[in-house]
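In what follows, chains carry the letters A, B, and so on, assigned in the order in which the sequence lines appear, proteins first and then strands, with residues in each chain numbered from 1. On a predicted model such as this, the values are computed, not experimentally measured, just so you know.
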Amino acid sequence: MNLTLKIWRQNGSSDRGRMVTYEVQDVSPDMSFLEMLDVLNERLTLEGDDPVAFDHDCREGICGMCGMVINGVAHGEQRATTTCQLHMRHFEDGATVTIEPWRAAPFPVVKDLVVDRSSFDRIIQAGGFISVPAGSAPDAHAVPVPKDDADAAFDAATCIGCGACVAACPNGSASLFTAAKITHLGLLPQGQPERAARAKAMVEQMDAEGFGGCTNTGECTAVCPKGIPLDAIARMNADYLKTASK
Amino acid sequence: MDRAPAAPVRRRPRGFYGSSNGKKAVMAVTGAVLVLFLVAHMLGNLKVFLGADSFNHYAEWLRTVGSPALPNRTLLTLAEIGLTVAVVLHMWSAVSLARRAAKARPVKYAARVKPQAGGYATRTMRYGGVIILLFVIWHLLDLTFGVVNPKGGEAMPYDRVVAGFAPDRWWVTVFYVVALAMVGLHLRHGLWSALQTLGLAHRYKALKTASTVISVVLVAGFVVVPLAVMIGVVK
Ligand code: HEM
Ligand code: FES
């Protein structure tokens, strides 16, 4: 199949950036979206042009590196799928595909489609952990966890921190990301001692980074490759309000 | 390739109201106060169908409730102050959060963004709120202060309603219906959003259905009054 690509090109953070149009020929429907970009980059390299920079690592949907906005949808229109797991058979031959980086002030563009997501790391550093005393590891069955809590905590823990929630949110909010970690740790017995302080610290860091506030649009959940549910945000709100009312 | 600068860090938000979650909680609580007011207001309006005496008597009661223990208008004035505070806080928070949201996305997407979660009502919240505000201002000038009412502020409440929605002032009724449609959309999202904001959201299907039902009932309860005046059922 043949495609017309409109790709955001930006040579470093001081460049203003622009959309550039490319044609790619002979794309196999079995290629992943990233492999399709590899084909383009191979050609650009051979022609002496600068290849399109994009982030990727595992290419199997678990590392969270490969985010891009495809035709106005984070990770493309295929639900519960990272860009690396999106296949070209979901596109029509001859289609025009627009490819842009995540757009958010706390995610500055490094180059082309690559953004700096260190703001997420700082949110995690603010409270997305449990402080364990040093010593030998406890027996796995020493702390009982109800099955439902374990399942819900695990669902939240599947967040890969890709940033699609921020990219899709009309408010540029990082609430789903932050809430996923708060939910993951807040549902487990090990997370209880720091639960209140965690919600406060992480929400404050989220604001300090310049993310917007949540208006419960649900766009984040809809594009999340891991389908993190919206009730995580309700849980974060409840934990935050509990700390604030003390 | 040069390094990206560190993310622009804004002034660390201070205190409960400084945080986006705090502002959202204030919106939810003030919104709930306004919804309770709307329910009471709608029920009161429906007295118009019981005739002029019943309606005027109700309006009088609002002024005299609590007397002789309290001077006339005490409770009414308190309610008016409470509602004004709620509206101001609600709007202040809305504007502040909208500005934060705009700052969080300085560069827009080139592609037309396709909403993935449906949620038409969700996207009307901000401009819909402004339409509601403009309507409330007009509404107060018309029926409370009588400034733009054909009968003026001295007429009995029932006569002001009949004159305000007279058929030759059809555009008043149109404005009223449009504003109420916005209120309906605002509450369809706002009611369950408020619960989510306060951390009470479980069973989304039931909550969203309840929000829709309450919104429809409220809008219908308000709309029947001007429509009844328009078609001459109330005169
Ligand atoms: C002055 C006009 C108004 C403006 C500008 C305004 C704006 C907003 C905005 C932007 C939101 C947040 C939307 C979201 O969460 O997605 C909101 C929420 C809400 N509004 Fe309004 N609004 C106005 C009037 C009203 C009125 C008159 C009522 C009550 C009848 C009301 C009830 C609510 C409720 C219950 C919420 C949900 C709070 C939450 O999401 O936590 N609003 N409003
Ligand atoms: S490259 Fe790892 S999730 Fe896509």
Side-chain angles (χ1 to χ4, degrees), chain A residues 6 8 11-14 17 19 53 69-73 77 79 98 100 103-111 115-116 118-119 122 166 168 170-173 203-204 206-219 221-223 230-231 233-242 244, chain B residues 1-16 18-25 27-28 93 96-119 122-123 125-126 189-190 192-204:
Chain A
K6 289 188 173 163
W8 180 259
N11 196 9
S13 52
S14 43
M19 298 299 288
V69 172
I70 303 165
N71 287 337
V73 183
E77 275 185 85
R79 290 271 163 127
T98 314
E100 297 169 83
R103 293 292 188 201
F107 286 168
V109 172
V110 177
K111 184 175 161 69
V115 300
D116 179 354
S118 317
S119 46
R122 289 188 291 269
V166 174
N171 304 305
S173 174
V203 165
E204 283 176 3
M206 181 171 81
D207 281 339
E209 294 292 344
F211 291 103
C214 171
T215 59
N216 303 318
T217 65
E219 291 296 324
T221 306
V223 300
L230 210 54
D231 61 9
I233 297 182
R235 222 176 265 283
M236 168 175 81
N237 294 338
D239 277 6
Y240 179 80
L241 290 177
K242 243 179 248 149
Chain B
M1 185 164 89
D2 47 343
R3 280 287 300 138
V9 177
R10 50 193 305 284
R11 192 160 44 86
R12 191 162 277 275
R14 251 176 269 139
F16 180 68
S19 79
S20 52
N21 276 46
K23 286 194 174 29
K24 275 306 299 279
M27 287 197 81
S93 312
S96 157
L97 286 171
R99 289 183 50 193
R100 268 191 202 191
K103 270 197 212 138
R105 172 145 315 127
V107 184
K108 306 277 173 270
Y109 290 107
R112 208 186 130 88
V113 172
K114 290 187 206 134
Q116 297 296 295
T122 314
R123 276 168 276 133
M125 296 304 277
R126 289 183 183 137
H189 176 68
W192 88 265
S193 174
L195 292 173
Q196 165 92 359
T197 299
L198 297 176
L200 305 171
H202 310 284
R203 309 195 38 213
Y204 283 121

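In this structure, D231(A) CG and L200(B) CG are separated by 12.5 Å, a value rounded to the nearest 0.5 Å. Atoms CG and OG, from D207(A) and S20(B) in turn, are 3.5 Å apart once rounded to the nearest 0.5 Å. Once rounded to the nearest 0.5 Å, the distance linking CZ of F107(A) with CZ of R105(B) reads 10.0 Å.
Per-residue counts of heavy-atom pairs under 4.5 Å with chain B were compared for S173(A), G72(A), G212(A); the largest is that of G72(A). Most heavy-atom pairs under 4.5 Å with chain B: of the set A168(A), A238(A), A234(A), G17(A), this distinction falls to A234(A). Between chain B and the options M19(A), M206(A), R79(A), R235(A), heavy-atom pairs under 4.5 Å are most frequent for R79(A). Comparing P106(B), A98(B), G22(B), A110(B) by heavy-atom pairs within less than 4.5 Å of chain A, the highest count is held by A110(B).
Looking at K108(B), only its backbone comes within 4.5 Å of chain A, counting heavy atoms on both sides. Residue E100(A) touches chain B through its side chain alone, counting heavy-atom pairs closer than 4.5 Å. Both the backbone and the side chain of L230(A) come within contact range of chain B, judged by heavy atoms closer than 4.5 Å. If you measure heavy-atom distances from R103(A) to chain B, the contacts under 4.5 Å come from both the backbone and the side chain.
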Between K114(B) and E77(A), is the side-chain contact (heavy atoms from CB on, under 4.5 Å) condition met? List the steps. CA-CA 9 Å; K114(B) 290 187 206 134; E77(A) 275 185 85; 2.9 Å; yes
Assess whether side-chain contact (heavy atoms from CB on, under 4.5 Å) is satisfied between R123(B) and T217(A), documenting all intermediate values. CA-CA 8 Å; R123(B) 276 168 276 133; T217(A) 65; over 6 Å; no
Report the C-alpha distance between L241(A) and F16(B) in whole Å, list the side-chain angles of each, state the deciding distance to 0.1 Å, and finish with yes or no for side-chain contact (heavy atoms from CB on, under 4.5 Å). CA-CA 9 Å; L241(A) 290 177; F16(B) 180 68; 3.7 Å; yes
Step by step, would you call R100(B) with N171(A) a side-chain contact (heavy atoms from CB on, under 4.5 Å)? CA-CA 8 Å; R100(B) 268 191 202 191; N171(A) 304 305; over 6 Å; no
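Closest non-hydrogen pair, P106(A) versus A104(B), comes out as CD-O, 4.0 Å. Across all their heavy atoms, Y240(A) and G15(B) have their closest contact at OH-O, 4.3 Å.
Checking side-chain atoms of E219(A) against main-chain N and O of Q116(B) turns up a donor-acceptor pair under 3.5 Å. In this structure a side-chain-to-backbone donor-acceptor pair under 3.5 Å is missing from N237(A) to L198(B).
Under the rule for a side-chain contact (heavy atoms from CB on, under 4.5 Å), A102(B) has no partner lying at least two apart in sequence or in another chain.
For the pair N216(A) and K24(B), the minimum side-chain heavy-atom distance is below 4.5 Å.
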